[in-house]
Amino acid sequence: MTTKGGRTNTMPKSARDKIKEQQAAARARERRKRLATYVTTGVVAVAAVGAGWWYAAMNSRSEEAASQLAPVSIQPDGSVVMAKAGVTAPVVDIYEDFQCPACKELERVSGATFKNLALEGKVKVVYHPITIFSQEPTRSNSMRAANAARCVADGKQWMAFHDLLFRNQPSETEPGFTPDQLKQWGKEAGVTSPGFDACVTQEKNREAQAAYSKKILDEQKIQHTPTVKLNGTEIDNGVLFSPRQLRDEITGAAK
């Protein structure tokens, strides 16, 4: 049999078709084999990624805050101590700015861990609200919030107000923490300090806040917020934002 190209094909048509079918079947088997290999590899890869995600999720899962707090006492310099009676070590110092987005995230992720450990009598926590920003409007936002926090005399009320400030943190690009907002959040936090509204409106603690911030920034060499130190040594961010690791590191320091 002569083909169109002038070549002679001596193989019967039925035989040719049979060979083609066999070749096609072989190619199909090879495709299925490759697909099975890809799928198996994919399952392994997904499992590995899933395991990594699960591990990360378990470490970053926030604790449930207890219904109570360890005693909270406001210090003359504006810092705030949270610890059970007689607990003096280990000490965790939290340097935070109410306008700092990372500080807000730290409070969201690990705030309950600090509170729970203090209630369990396993740590003394010292909050240092400072103003680290130098540009506007963030500096004025921070100063108004920190001034208002200094207007609260009761420790438990201060903590409630502290948490509300972070929860309602304004954008870094817009004026916020207005006097009216701060006074409203004071009411929501149950603040009963005499003269709270006037203290907020008149920013009576502004100079004290500025002086304290400068002192802390200089003495502790704070370059960023949040900065959290355990017995004077800064805690790595990878630990700081992983509640389980954070708990382990703090409780380990107590041994």
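It should be emphasised that the depicted structure is a prediction, and the values quoted were computed from it without experimental measurement. Side chains included, hydrogens not; waters and symmetry mates left out as well; all remaining heavy atoms used. One-based numbering along the sequence shown.
For Ser213 (side chain) and Thr131 (main-chain N/O), a donor-acceptor pair under 3.5 Å exists by modelled atom type. In this structure a side-chain-to-backbone donor-acceptor pair under 3.5 Å is present from Arg150 to Asp77.
In the displayed structure, Glu64 atom CD is contacted under 6.0 Å by at most 12 heavy atoms of other residues, nucleotides or ligands. The environment of NZ in Lys156 is sparse: at most 12 heavy-atom neighbours from other residues, nucleotides or ligands sit within 6.0 Å. Within 6.0 Å of the CD atom in Gln184, the count of heavy atoms belonging to other residues, nucleotides or ligands exceeds 12.
In summary, the side chains of Ser142 and Asp97 do present a donor paired with an acceptor at a separation below 3.5 Å, with no hydrogens or angles considered. A donor atom on one side chain and an acceptor atom on the other are found under 3.5 Å apart for Glu136 and Ser140. Judged by distance alone, the side chains of Gln220 and Lys215 never bring a donor and an acceptor atom under 3.5 Å apart. Judged by distance alone, the side chains of Asp180 and Thr178 never bring a donor and an acceptor atom under 3.5 Å apart.
Here the CG-CD distance, from Asp197 to Gln202, works out to 10.5 Å after rounding to the nearest 0.5 Å.
Considering Thr225, Val228, Ile94 in turn, Thr225 is the only one that fulfils the side chain to side chain contact (heavy atoms under 4.5 Å, CB included) rule with Cys103. Checked against Glu63 for a side-chain hydrogen bond (donor to acceptor under 3.5 Å, both in side chains), the options Arg247, Arg244, Lys115 give a single hit: Arg247.
The nearest pair of heavy atoms linking Trp158 to Pro129 is CZ2-CG, 3.8 Å. In terms of heavy-atom proximity, Gln157 sits nearest to Val191 at OE1-CA, 3.3 Å.
The aromatic rings of Tyr95 and His128 sit parallel, their planes meeting at an angle under 30°, below the 60° perpendicular limit.
Looking at Arg108 and Glu105, a side-chain N of the basic residue comes within less than 4.0 Å of a carboxylate O on the acidic one, giving a salt bridge.
Aromatic rings from Phe177 and Phe98 are positioned such that their centres are separated by 6.0 Å or more.
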